[in-house]
Amino acid sequence: TVLSEKPTTFTITVTSEAGENDETVQTTLKFTYRETYPDETPLYEIVSQENLDDNDVMDIIKLLEQQAEENLGMVMIFTLVSAVQEKLNEIVDQIKTRREEEKKQKEREAEEEEKQRFHGTPVTIENFLNWKAKFDAELLEIKRKKMKEEEQAGKNKLSGKQLFEMDHNLDTSDIQFLEEAGNNVEVDESLFQEMDDLELEDEEDDPDYNPVNLDSD
């Protein structure tokens, strides 16, 4: 694409061959002829790129500089573009290699992580003492909290006197219960079915028994 004629300026878009999954890389080069071209190198720059990282762009700039110096004195645009074309094809292959290496690296890291989790951390005197100190500190903190809670609970617990002072209905609760029950007292007769099995002393066998004095021992 010609941008101007004085000075002669144009762009050329270079695309690599299709790589894995039909992926391509691409760059657009801008050239400007100097007055004495080809006795001096043209001005060149990369104006756009696709699927190239910064290192790839720097490599292409270095390649253009090298090829321009080697072909000084000859028309060189075709040579420069061809060199870039080959470089882009190499980059596509490198992308595939990079992905395979990244995949292998992730698999190695996953295997190492699995081994580490399976084998655990080797116990040394140093890490055991660190763990023991941390464990003792946590246990001591738990005991302190428990003691504090028990102490607080003891302070909050009211005595019988305090309960009666707070609720005067407690003074008559037992009397009220007896009045409500009246003479209707239920007795569980099953509790007395085995009376013959109990070893009870006959009152007449008691030397201190006195039928006249009921208050005697």
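What you see below is based on every heavy atom in this structure, not just the backbone, and it leaves out hydrogens, waters and symmetry mates. Since we're looking at a predicted model, the values are computed, not measured.
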With rounding to the nearest 0.5 Å, note down the distance linking [atom1] in [X] to [atom2] in [Y].
X	Y	atom1	atom2	answer
I77	F10	CD1	CZ	4.0 Å
I12	T1	CD1	OG1	9.0 Å
K145	E149	NZ	CD	8.5 Å
D56	L88	CG	CG	9.0 Å
D59	I91	CG	CD1	6.5 Å

Q. Hey, are R108 and E101 close enough for a salt bridge, meaning a charged N less than 4.0 Å from a carboxylate O?
A. yes
What residues form a side-chain contact (heavy atoms from CB on, under 4.5 Å) with [X], not counting sequence neighbours?
X	result
Q85	V14, N89
V57	I46, Q49, L52
E65	Y44

Can you name the residues that form a side chain to side chain donor-acceptor pair (under 3.5 Å) with [X], not counting sequence neighbours?
X	value
T9	S4, T32
E45	none
T97	none
E90	none

If hydrophobic clusters are built by linking Ile, Leu, Val, Met, Phe, Trp and Tyr wherever their side-chain heavy atoms come under 4.5 Å apart, do [X] and [Y] end up in the same one?
X	Y	result
L43	V84	no
L80	V75	yes
Y33	L72	no

Q | Taking every non-hydrogen atom, the tightest pair across P42 and M76 | A |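 For P42 versus M76, the nearest heavy atoms are CD-SD, 3.6 Å.
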Q | Heavy-atom closest pair, residues A83 and L63 | A |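 In this case the closest contact between A83 and L63 is O-CD2, 3.4 Å.
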Check: [Y] and [X] side chains under 4.5 Å, non-hydrogen atoms:
X	Y	answer
Y37	T8	no
I125	L129	yes
L64	L29	yes

Q: Mind running side-chain contact (heavy atoms from CB on, under 4.5 Å) on V92 and E17 for me, showing each step along the way?
A: CA-CA 8 Å; V92 168; E17 296 177 356; over 6 Å; no
Q) With R144, which residues qualify under salt bridge (Lys or Arg N to Asp or Glu O under 4.0 Å), at least two apart? A)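 Residues passing salt bridge (Lys or Arg N to Asp or Glu O under 4.0 Å) with R144: none at all.
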Q. How would you list, by chain and number, every residue that makes a salt bridge (Lys or Arg N to Asp or Glu O under 4.0 Å) with D53, sequence neighbours excluded?
A.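 Partners of D53 under the salt bridge (Lys or Arg N to Asp or Glu O under 4.0 Å) test: R98.
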Q) Are there more than 12 heavy atoms of other residues, nucleotides or ligands under 6.0 Å from atom CD of E109? A)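 Count over threshold, so yes.
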Q. Within a reach of under 6.0 Å around CD of E107, are more than 12 heavy atoms found that belong to other residues, nucleotides or ligands?
A. yes
Q) Between S16 and T24, is any side-chain donor less than 3.5 angstrom from a side-chain acceptor? A) no
Q. Could you give all pairs that pass the side chain to side chain donor-acceptor pair (under 3.5 Å) test and reach residues 128-143, with sequence neighbours left out?
A.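 Those involving residues 128-143 are K132-D136.
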Q: Could you name each residue pair satisfying side chain to side chain donor-acceptor pair (under 3.5 Å) that touches residues 67-83, not counting sequence neighbours?
A: Q66-E70
Q.
If we ignore hydrogens and angles and just use 3.5 Å, is the side chain of T27 paired with the main-chain N or O of E50 as donor and acceptor?
A.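 Not a single qualifying donor-acceptor pair exists.
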Q | All pairs passing salt bridge (Lys or Arg N to Asp or Glu O under 4.0 Å) where residues 32-41 contributes a residue, at least two apart | A |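 The answer is R34-E40.
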Q: Would you confirm whether the ring centroid of F135 sits within less than 6.0 angstrom of the ring centroid of F128?
A: no
